[in-house]
Amino acid sequence: MKYDYKAIEKKWQDVWENENTFAAKQDFTLPKYYALVEFPYPSGQGLHVGHPRSYTALDIVARKKRLEGYNVLYPMGWDAFGLPTENFAMKNHIHPEIVTEKNIARFKSQLKSLGLSFDWTREINTTDPSYYKWSQWIFLQLYKKGLAYKKEMSVNWCTSCKVVLANEEVVGGVCERCGGEVVHKVKSQWMLKITAYADRLVDDLDDLDFIDRVVAQQKNWIGRSHGAEVKFTTTLGDELLIYTTRPDTLFGATYMVISPEHPSIAKWADKIENMDEVKSYQDAASRKSDFERTELAKDKTGVQLKGVRAVNPVNGKEIPIFISDYVLISYGTGAIMAVPAHDERDYDFAKKFDLPIVEVVKGGDIEKEAFTDCASGIMVNSGFLDGMSVDDAKEAITKWLADKNFGTPKVNFKLRDWVFSRQRYWGEPIPMVNCEKCGWIPLPESELPLKLPEIQDFEPSGDGESPLARHTEWVNTTCPCCGGAAKRETDTMPQWAGSSWYFLRYMDPHNENAIASKEALEYWSPVDWYNGGMEHTTLHLLYSRFWHKFLYDIGVVPTKEPYAKRTSHGMILGENGEKMSKSRGNVVNPDDIVRDYGADTMRVYEMFIGDFEKSAPWNTSSIKGSRRFLERVWGLAERMQGGDDYTKAIESSMHRTIKKVTQDIEQLKMNTAIAAMMTLINEMYEQPSITRADMRTLLVLLNPFAPHITEEMWQQLGFGGQLAHTKWPVYDEAKCVDATVEIAVQVNGRVRAKINVAADVSNDDAIAAAKAEPAVAKELDGKTIMKEIYVKGKLVNIAAK
RNA sequence: GCGGGCGUGGCGGAAUGGCAGACGCGCUGGUCUUAGGAGCCAGUGUCUAGUACGUAAGGGUUCAAGUCCCUUCGCCCGCACCA
């Protein structure tokens, strides 16, 4: 009979939908497993072939875990707020809600056509008021704990989208979304104090099963550094606080640099002799775009502040103070001591401005370049530190500074607080009210959700205000505190809000009284395995860890971390090896593949394409190999005869394959699991016939990968019930090896013969058998044997001279 | 510059320090066929065809190295004037 994939796939997808086959059970006594993939943004383009790579991989894990007896939660939903939908809505004069609904419908049918075993009874949507009610609720809790605050600050303003961007949305000085020019603009923004959690976000990574590159990238992003703050006095009688990671080099500080935005400049203004020059440098610095800042990084510029000098606390020496934009106001204290001998940037600056360079750690050649890699160096020209190692000097100077009240140890982070306001319509309204008398007042929780008003004009005003600001009937309200006239916050939340806690909602998606019930949270937490893209490592993944830690602190969730395990998939590239994109014309539509080859083929192909963690180019002709494999599985049916035991000749292969597939799925090595099954069926075809037991085990092993064809064959061959409700096969370690094995015999590491020995042969017998081989004996003739090694089941190696 | 990773046939890729190239694609020949861009069978790292040489290049450790160590080259990803 022909393998009619279309009919088969439709048939089983209908069964799964009607029977809710994959809905997680409400029985909290069962062992649980929570597998999670990042929910998609339902774009107008529909599903990309990249999506199923991640979804299928964890679908395989989820299906296997179910067969192993776990109560599995494998949910799906929609991260549906966001700019593209709003932009589409503006352009086509359709409400974003309608656009979203349409896009979701398309995505959902595409996902269903792939046979993914999501629990659709728990589908969530971040734009649903019953969902964003809780995003708003979390914001209010953050506010109550002082972790949400409003701040006048310089923000990134995209001149094209006319919207404020988070630092993370500015890439290379341009808007991440549209590539438009980004300039700075001062605006009052809601901020979230993620920096309060910086230490824990770093430290707790060590206890998690996250792949190394995710851990490294998050640590790098948070950028914790240990150093000291040191107080310098000035000739004007006040103080200047600097931050350094190298207090040991304090004797080498020959000048200071402060950021052009540093507040001391205004304080000193009437004492600074060249204030005109200083002012024009400040102006120039503020006009520089992010792009110019990064491009011109190498060429140091600056202006000395004439009329004020700093005093080095260790030796009382007066040193000049400069302003330069290589010192950032946003990091540390916005002021540094410059040690040109041991810092490249200071070295460049000193050379350009002809400033003294004093070596304080021996070992480099400071005539040529800064000596920075000097951890093992010895201190010189450093008074009481002379002769010490760098580490000892650090300790000694830190103590000295503390004793004299000149400085304290200090930890700094690159991580900044999270700009949480967006001047857009299609996001969660921030539930805050501004009253002239009472200031910012949170909306009472009883008034949540604060719904988005129905409006028709989504265009940003272009003055930096949200489109909501025009709708005075919504904006004007009463103060929850005093009852007087007040105005609502018109900014909305960023897209990252809804995705920062969505995995919690899946646990109990219809709860009207809480994010989820205590029982559900206790049972399902944490997510056992979370797979997603590397591009979300420093944004979504970090933000959601932050929110989760906060929810843990206020007693809402039972674990301090949301995800026990995190893996990441590589991209699927176009056939030309380039990133898939419309403009490159190399986009593959998953619908076409499902139509032409079937969902099972598509699934097997995407899993077989290569190492899961690496990117791999799409190859249309390779798909045929996956299809051929399934056709061959289909063809095995007519070779099946009776028998409740494995065919003797392939028994060990059966056990080995079960072992291999079982282990490979856990390690996301789907490509080698499939290769093992291919090898197995090649062996099956070499047999005159196969047994029901052979067939049965093969179908269960293959089921997570190709659920439709296996379920259909299971039914047609009369194994009884549904494959989805059967048990995962077990292997017998003892039966994984054949009775006799072929091993290689090496002399001095070169293969000279191959012999067959019993699998459990002793060391001595194996070596004796090896020596008996004529080719080996010939090699050994006249030589002295130095060493004889037998590696069980692999080889014998005889070292001889 | 800092951090992470990678370099293996024509291609995607396999190899707990133990016979490099599993599995698949492609290709070659055969077979069946009115036909084959289907199926089946056989072959397929390289060459000077030797039990020869081969995992970016060079060196080292080891009975044994794609794998471990050192040096060099090249590529990818993230961050980047973070003091």
Side-chain angles (χ1 to χ4, degrees), chain A residues 171-172 211-221 223-225 227 242-246 249 253 256-257 259 293-294 296-300 324-328 330-339 342-346 348-349 372 412-416 534-535 537-538 570-571 575 577 604-605 608-611 613-626 628-629 631-632 635 669 671-680 682 685 742-754 775 779 785-801:
Chain A
V171 174
I211 52 171
D212 293 346
R213 50 187 180 142
V214 168
V215 172
Q217 215 164 295
Q218 287 210 345
K219 283 188 178 172
N220 194 37
W221 182 264
R224 180 163 64 187
S225 76
I242 61 102
Y243 173 72
T244 179
T245 55
R246 296 293 307 277
T249 61
M256 298 190 76
V257 186
S259 153
R293 277 254 282 290
T294 40
L296 304 175
K298 290 193 180 72
D299 196 20
K300 297 282 178 292
S324 173
D325 61 6
Y326 87 85
V327 172
L328 309 174
S330 51
Y331 184 77
T333 61
I336 63 159
M337 64 174 196
V339 184
H342 305 287
D343 182 284
E344 279 172 30
R345 296 151 301 180
D346 297 346
D348 291 346
F349 191 87
T372 57
N412 262 323
F413 298 92
K414 291 186 198 173
L415 185 70
R416 311 289 155 75
M534 278 310 286
E535 70 274 22
T537 302
T538 52
M571 256 193 305
E575 282 203 79
V604 169
Y605 173 66
F608 193 60
I609 196 167
D611 184 333
E613 293 207 352
K614 296 198 189 109
S615 51
W618 188 266
N619 185 316
T620 301
S621 65
S622 278
I623 299 169
K624 289 182 205 146
S626 300
R628 214 172 277 163
F629 166 58
E631 296 271 11
R632 276 164 70 75
K669 298 179 78 168
N671 53 338
T672 50
I674 292 167
M677 289 186 279
M678 287 174 167
T679 306
L680 180 68
N682 288 344
Y685 269 99
E742 188 189 61
I743 63 167
V745 181
Q746 299 179 335
V747 177
N748 291 330
R750 289 165 181 272
V751 178
R752 296 299 173 192
K754 297 201 173 175
E779 275 303 315
I785 293 173
M786 312 296 290
K787 206 165 184 179
E788 297 167 326
I789 294 134
Y790 170 57
V791 182
K792 196 171 186 300
K794 299 273 186 185
L795 55 69
V796 167
N797 191 11
I798 300 170
K801 222 171 21 183

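Letters A, B, ... mirror the listed sequences (proteins, then strands); counts begin at 1. Note that the coordinates shown come from a computational prediction; the quantities given were computed from them, not determined experimentally.
Between B/C63 and A/Lys787, a contact under 4.0 Å exists linking OP1 or OP2 to a side-chain N or O. Contact annotation: A/Arg750 does not reach the phosphate of B/C63 (side-chain N/O to OP1 or OP2, under 4.0 Å). For the pair A/Asn671 and B/C23, the criterion of a side-chain N or O lying under 4.0 Å from OP1 or OP2 is not met. Not one side-chain nitrogen or oxygen of A/Tyr326 sits closer than 4.0 Å to the OP1 or OP2 atom of B/A83.
Here the nucleotide nearest the side chain of A/Val791, chosen from B/G18, B/U51, B/G26, is B/G18. When each of B/C23, B/A64, B/A83 is scored by its nearest atom to the side-chain atoms of A/Leu328, the top-ranked nucleotide is B/A83. The side chain of A/Lys300 sits closest to B/C81 out of B/G26, B/C81, B/A83. Out of B/A83, B/G24, B/G3, the shortest distance to the side chain of A/Thr245 is found at B/A83. When distances run from any side-chain atom of A/Asp611 to the nucleotides B/G18, B/A14, B/G12, the shortest one goes to B/A14. Comparing atom distances between the A/Ala675 side chain and each of B/G78, B/G18, B/A22 picks out B/A22 as nearest. Of the candidate nucleotides B/G18, B/A15, B/A83, B/A15 has the atom lying nearest to any side-chain atom of A/Lys669. Checked against B/G12, B/A83, B/G78, the side chain of A/Pro617 finds its nearest nucleotide in B/G12. The side chain of A/Arg628 sits closest to B/G39 out of B/A14, B/G39, B/A83. The A/Ile789 side chain lies nearest to B/G18 when the options are B/G18, B/C53, B/A83.
Within 4.0 Å of A/Ser615, counting heavy atoms only, lie sugar-phosphate atoms of the nucleic acid but no base atom. At a threshold of 4.0 angstrom between heavy atoms, the contacts of A/Asp346 with the nucleic acid are absent.
Rounding to whole angstrom units, OH of residue A/Tyr790 and P of B/C63 are separated by 21 Å.
A donor and an acceptor atom never sit less than 3.5 Å apart when one is taken from the side chain of A/Lys414 and the other from the base of B/C79.
Distance check: A/Met677 CE to A/Arg632 CZ gives 14.5 Å after rounding to the nearest 0.5 Å.
Figure legend: cation-pi geometry between A/Lys300 and A/Phe349 absent, as NZ or CZ is not positioned both under 6.0 Å from the six-membered ring centre and within 45° of its axis.
The closest donor-acceptor contact from the side chain of A/Gln218 to the backbone of A/Thr537 lies under 3.5 Å.
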Legend entry - Test log, rule side chain to side chain contact (heavy atoms under 4.5 Å, CB included), inputs A/Val339 and A/Thr244: CA-CA 10 Å; A/Val339 184; A/Thr244 179; over 6 Å; no

